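For reference, the structure discussed in these notes is given below.
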Amino acid sequence: MGESITRKIISAHLVEGEMTPGCEIALRIDQTLTQDATGTMAYLEFAAMGIPSIRSELAVSYIDHNTLQAGFENADDHRFLRSAAARFGAHLSRAGNGICHQVHLERFGAPGKTLLGSDSHTPTCGGLGMLAIGAGGLDVAAAMAGYPFYLQMPKVVNIRLHGQLPPWVTAKDVILEILRRLTVKGGLGKVLEYSGEGVSHLSVPERATITNMGAELGATSSIFPSDGATKRFLASQARVDAFRELMPDADAVYDEVIDVDLAQLEPLIALPHMPDNVVRIADAAGKRVDQVFIGSCTNSSYSDLVRAAAILKGHTVHPDVSLVIAPGSRQVFHALALSGALADLIAAGARILESACGPCVGVGQAPTSGGVSLRTCNRNFEGRSGTGDAGVYLVSCEAAAAAALTGKITDPRDLGEPIAVQAPERFLVDDSMIIPPPVQREHIQLVMGPNIKPFPAASPLPDEIMGEVLLRLGDNVTTDHIMPAGAKILPLRSNIPAISMHAFERVDPSFAQRALAAGGGIIVGGANYGQGSSREHAAIAPLYLGVRAVLAKSFARIHMQNLVNFGLLPLVFARDEDYDHIQAGDRLAIGQIREQLAYGVLSVRNITRDTVYPVTHGLSKRQIEIVLAGGLLNYVRRQTP
Ligand code: MIC
Ligand code: SF4
């Protein structure tokens, strides 16, 4: 029986378990990445493991999220990260060098390797034929410490791409089409593996746009074959040595097959406030636009920005629009400068930002009240832009540039003749903003500013949890709802007591105070609870406020593991209709937890309504032990003699 690329890579990295979908497996991790918003915690956690040196083949610590230094906090975190990279043996990609996923694709990604990153868009490197997976910081710290990464063996879905994209239709439209079909929970427990003759027409940056946004489907990862285009890309990065061909066997068997005819696609747009709320741009055209943002790890490669520049060249941005551009990496920025495209962007009136995440995660450039912001990002969750009532629309660079000129949502096909741009055969490779670890490291001290506070140590899980339902939420609650990001809150990522006061604040500003006053409690959610980012703060903050259990119809993969890693119990309604009968404020009790967890089905008693709900958990034996121990750190410490 032939094998898919995904299964080949898994099999070559399998440390434990059986490759049967749904079974727990453990994978050897070759490379890790962290970014500053999750990295301070990850390195504090690594330090707490007491392991002197990083054991993965390569670890890169990126500074790309918290680059707006409105106070000392972010700068202090950067200094800490620099000291931690030097102390433990990681490469440090300095602020200004670019967004982790774009830089990793350019400088480190390698076909056939595994990559674990403390950022949900780590699968971007799947565009290079890597098995790249997003996870919470603690899982990444464990991988840096040399432990394997545990996950459920995914199903492998074959997305067969046929034909070629028509003019003005882009890789972004491919992934928006897949989101339209599969929805934000359609990728759960799956790796999406692309194949078909359509693949050969897509460059690595285009493939990376597609694998990047696989995160929005809730997929474990997404991956493309490694072929001639991969080799050309690696050669353009002076890294052809990293190339190896990677194809599925001709008779590869997949768990599911989805066909996408590229030739039939049209320019698409995701409407507020979910990335799967996708329609044809033609159907949304004409709406007035206040802001356009071109950037983020989805669409900020050289080819993306040079196409936008070609559209804008010789024109001025519409008077009602603020056009903001953040190149994905310093290499891209530099190439734009050398090619003259940067001058075209400046002449058109674009507001150029440094190479970082920026507006994508609400770090600067919040839109006007009730504003319409067209963005090339991957997420348009409510409030994420920094303006609660703004509407964010997700589009390709071409559609973004078109709107910047016309002042309204515009089908890029209306621009006329398609533009042809060529990526350089060889980029200017300059790694001087990446600091390799020094050889002598033992003497290096971790430098912690006053914003870096120790994280809470969870106690073992009590055998009975009793408490009030603090919140009852709907489906698809994102980690941006649970633990908002943005310019004001992100600087508190290393300060759990302070950041916890912002938990759920967009849903209910009184949440933190209520939780503290009630001495903790239980959260009730709908389907796909905790989708979106990998931020473990969405588990740590509720823990800090006394929450030890979350009851939902289903969970997003990374968030569920983060709950486990911090000793919170994720429970799943056995009957969806029971969700309808619980109200906020009800008192719930879960008793004999140890015994019931081992049995697999637990009873949750609603004391207020005098009813009992059966719930399941889907946790492996190992995950149960971790929750009972009060989290992964306690568990690991117990295992280490
Ligand atoms: C995001 O896009 O939401 C982030 C910010 O990159 C997060 C990580 C974080 O919250 O720090 C992610 O995608 O995991
Ligand atoms: Fe940064 Fe946005 Fe990408 Fe997250 S999605 S890594 S915030 S650019």
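These values consider heavy atoms only, across backbone and side chains, with no hydrogens, waters or symmetry-generated copies. Fair warning: this is a prediction, and the values are worked out from it, not measured in the lab. In each ligand, atom 1 is the first atom listed, and ligand 1 is the first ligand listed.
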In the protein, what heavy atom is nearest to atom 1 (Fe) of ligand 2, and what distance, to one decimal place, separates them? Cys357 SG, 2.3 Å
How far is atom 13 (O) of ligand 1 from its nearest protein heavy atom, and which residue and atom is that? Ser120 OG, 2.6 Å
Side chain, backbone, both or neither: which applies to Asp119 and ligand 1 if a contact is any heavy-atom pair less than 4.0 Å apart? both
Check the pair Glu382, Arg506 against salt bridge (Lys or Arg N to Asp or Glu O under 4.0 Å), reporting the backbone distance first and the verdict last. CA-CA 9 Å; Glu382 198 169 3; Arg506 288 212 189 103; over 6 Å; no
So which bit of Asp119 gets within less than 4.0 Å of ligand 2, heavy atoms only: side chain, backbone, both or neither? side chain
Distance under 4.0 Å to a non-hydrogen atom of Val361: what atoms of ligand 2 satisfy this? 7 (S)
Taking both backbone and side-chain atoms into account, decide whether His121 has an N/O/S atom under 2.8 Å from atom 1 (Fe) of ligand 2. no
Counting from 1 in the order shown, the ligand 1 atoms closer than 4.0 Å to a non-hydrogen atom of Ala37 are 11 (O)
Could you report the tightest heavy-atom contact between Ser500 and Leu545, atom names first, then the distance? O-CD1, 3.5 Å
Can you tell whether the side chains of Arg535 and Asp480 come within less than 4.0 Å, N to carboxylate O? yes
Is the closest heavy atom of Arg493 to ligand 1 under 4.0 Å? yes
Could you check Asp276 against Arg180 for salt bridge (Lys or Arg N to Asp or Glu O under 4.0 Å), going step by step and ending with a plain yes or no? CA-CA 5 Å; Asp276 62 359; Arg180 189 185 69 78; over 6 Å; no
So which bit of His65 gets within less than 4.0 Å of ligand 2, heavy atoms only: side chain, backbone, both or neither? side chain
If the cut-off is 4.0 Å to any non-hydrogen atom of His101, which atoms of ligand 2 fall inside it? 6 (S)
protein heavy-atom neighbour closest to atom 2 (Fe) of ligand 2 works out as Cys360 SG, 2.3 Å
Tell me the contacting part of Arg384 for ligand 2: side chain, backbone, both, or neither, using a 4.0 Å heavy-atom threshold, strictly below. side chain
Is the contact between Thr298 and ligand 2 made by the side chain, the backbone, both, or neither, using heavy atoms and a 4.0 Å cut-off? neither
Please work out, at 4.0 Å between heavy atoms, whether the side chain, the backbone, both, or neither of Gln35 comes within that distance of ligand 2. neither
Residues Arg493 and Asp77 bridged, charged N to O under 4.0 Å: no
Apply side chain to side chain donor-acceptor pair (under 3.5 Å) to residues Asn212 and Thr124 and explain how you reach the verdict. CA-CA 4 Å; Asn212 171 281; Thr124 310; 3.1 Å; yes
Arg82, CZ atom: more than 12 neighbouring heavy atoms under 6.0 Å: no
For atom 10 (O) of ligand 1, which protein heavy atom lies nearest, and how many Å away is it? Arg535 NE, 2.7 Å
Audit row: Ser533, Thr479, side chain to side chain donor-acceptor pair (under 3.5 Å) steps and yes/no: CA-CA 6 Å; Ser533 91; Thr479 50; 2.9 Å; yes
Under a 4.0 angstrom heavy-atom cut-off, which atoms of ligand 2 come close to Cys297? 3 (Fe), 5 (S), 6 (S), 8 (S)
Going by the order shown, which atoms of ligand 1 are within less than 4.0 Å of some heavy atom of Thr38? 9 (C), 11 (O)
Show the nearest heavy-atom pair for residues Asn66 and Asp36, with the distance to one decimal. N-OD2, 2.8 Å
Going by heavy-atom distance to atom 2 (O) of ligand 1, choose the closest among His65, Arg384, His101, Met483. Arg384
List every atom of ligand 1 that sits less than 4.0 Å from any heavy atom of Val361, numbering the atoms from 1 in the order shown and giving each element. 5 (C)
So if I count the atoms of ligand 1 from 1 in the order they appear, which ones are less than 4.0 Å from some heavy atom of Ser534? 12 (C), 14 (O)
Does Arg379 come within less than 4.0 Å of Glu216, counting only side-chain N to carboxylate O? yes
Those atoms of ligand 2 less than 4.0 Å from some heavy atom in Asn378: 5 (S)
Aromatic centroids of Phe504 and His481 separated by under 6.0 Å: no
Residue, atom and distance of the protein heavy atom nearest atom 7 (C) of ligand 1 read Ser533 CB, 3.3 Å
For Arg79, I'd like to know if atom CZ has over 12 heavy atoms of other residues, nucleotides or ligands within 6.0 Å. yes
Which atoms form the tightest heavy-atom contact between Ala552 and Tyr529, and what is the distance? CB-CB, 3.9 Å
What part of Gln35, side chain from CB on, backbone N/CA/C/O, both or neither, has a heavy atom under 4.0 Å from ligand 1? side chain
Looking at Phe80 versus Tyr43, is the centre-to-centre ring distance below 6.0 Å? no
